[in-house]
Amino acid sequence: HLQVSDEELVALAETLVASEHLTGLNLAGNPITARGLHTLFAASASHPSVPPKPQSSPPKLRLTELDLSRTRLGGQGEAADADLGALACEIARSDGLHGSLNLANIVLSDTSGAIFMSKLTSTLQPGCAIRITHLNLSRNALGQATIGALSGALPCCVMLCTLNISHNNLGSAAGGE
């Protein structure tokens, strides 16, 4: 079956950004990494193909739904953690994702989850909020470290309506009583 890789996402980035009405992007099950997504967000920030109208900014992705479930974002080791931190920074930007983020079943470890949640809040500009309305972190390997970082991030998630943390390493197996 057809899958989109990092290289193909790079090739698609400019076209996707030029689609000014695109609000949802489903990349579920594709072998993409945070590096490929970074390229997509970077293309959004510097898209040259459509000149801006006077007193307007260049076109950018204005996503309200991003499905990254079953991708390779979680990965292994420090490189994957750095990539996830960079993705969190992109999402936390004032013009980043405003809506639903699905990170289910991406092999997200407890350490990676904590880094992701911490980066979401540490890169916010003063007075800004994370504009995610639905966050799905189910079917990963999240534990106490992620929950601690998530607890710190929740006050910045003023628009959050749904949080799914089912099927993780929470409860007695994670050290709870």
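- Side-chain contact, His134 with Thr162: a donor N or O sits under 3.5 Å from an acceptor N or O.
- With respect to Leu66, the side-chain contact (heavy atoms from CB on, under 4.5 Å) criterion is satisfied by exactly one of Asn26, Asn102, Leu25, Ile132: Leu25.
- Side chain of Asp6 to main chain of Thr33: a donor-acceptor pair is present (N/O by atom type, distance under 3.5 Å, no hydrogens or angles).
- Distance check, rounded to the nearest 0.5 Å: OG1 of Thr133 to CG of Leu101 gives 9.5 Å.
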Can you give the donor-acceptor pairs under 3.5 Å from side chains of residues 103-114 to other protein atoms, not counting sequence neighbours?
{"unit_1": "Ser109", "atom_1": "OG", "unit_2": "Ser112", "atom_2": "N", "d": "3.0"}
{"unit_1": "Ser109", "atom_1": "OG", "unit_2": "Ser112", "atom_2": "OG", "d": "3.1"}
{"unit_1": "Asp110", "atom_1": "OD1", "unit_2": "Gly143", "atom_2": "N", "d": "2.7"}
{"unit_1": "Asp110", "atom_1": "OD1", "unit_2": "Ala145", "atom_2": "N", "d": "3.4"}
{"unit_1": "Asp110", "atom_1": "OD1", "unit_2": "Thr146", "atom_2": "N", "d": "2.8"}
{"unit_1": "Asp110", "atom_1": "OD1", "unit_2": "Thr146", "atom_2": "OG1", "d": "2.8"}
{"unit_1": "Asp110", "atom_1": "OD2", "unit_2": "Ala145", "atom_2": "N", "d": "3.2"}
{"unit_1": "Ser112", "atom_1": "OG", "unit_2": "Asp81", "atom_2": "OD1", "d": "2.3"}

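- Remark: Glu65 engages no residue in a side chain to side chain donor-acceptor pair (under 3.5 Å) (not counting sequence neighbours).
- None of Leu37, Asn136, Asn30 except one satisfies the side-chain contact (heavy atoms from CB on, under 4.5 Å) rule with Leu68; the exception is Leu37.
- Hydrophobic cluster of Val158: the remaining members, joined at side-chain heavy-atom separations below 4.5 Å, are Met159, listed by chain and number.
- Listed here is the closest heavy atom pair of Met117 and Ala153: CE-CB, 3.7 Å.
- Of the candidates Leu135, Leu150, Ile91, Leu120 forms a side-chain contact (heavy atoms from CB on, under 4.5 Å) with just one, namely Ile91.
- Not counting sequence neighbours, the partners of Asn164 by the side chain to side chain donor-acceptor pair (under 3.5 Å) test are Ser166.
- With sequence neighbours excluded, no residue satisfies side chain to side chain donor-acceptor pair (under 3.5 Å) with Asn168.
- Legend: residues meeting side chain to side chain donor-acceptor pair (under 3.5 Å) with Ser118, ordered by chain and number and at least two apart, are absent.
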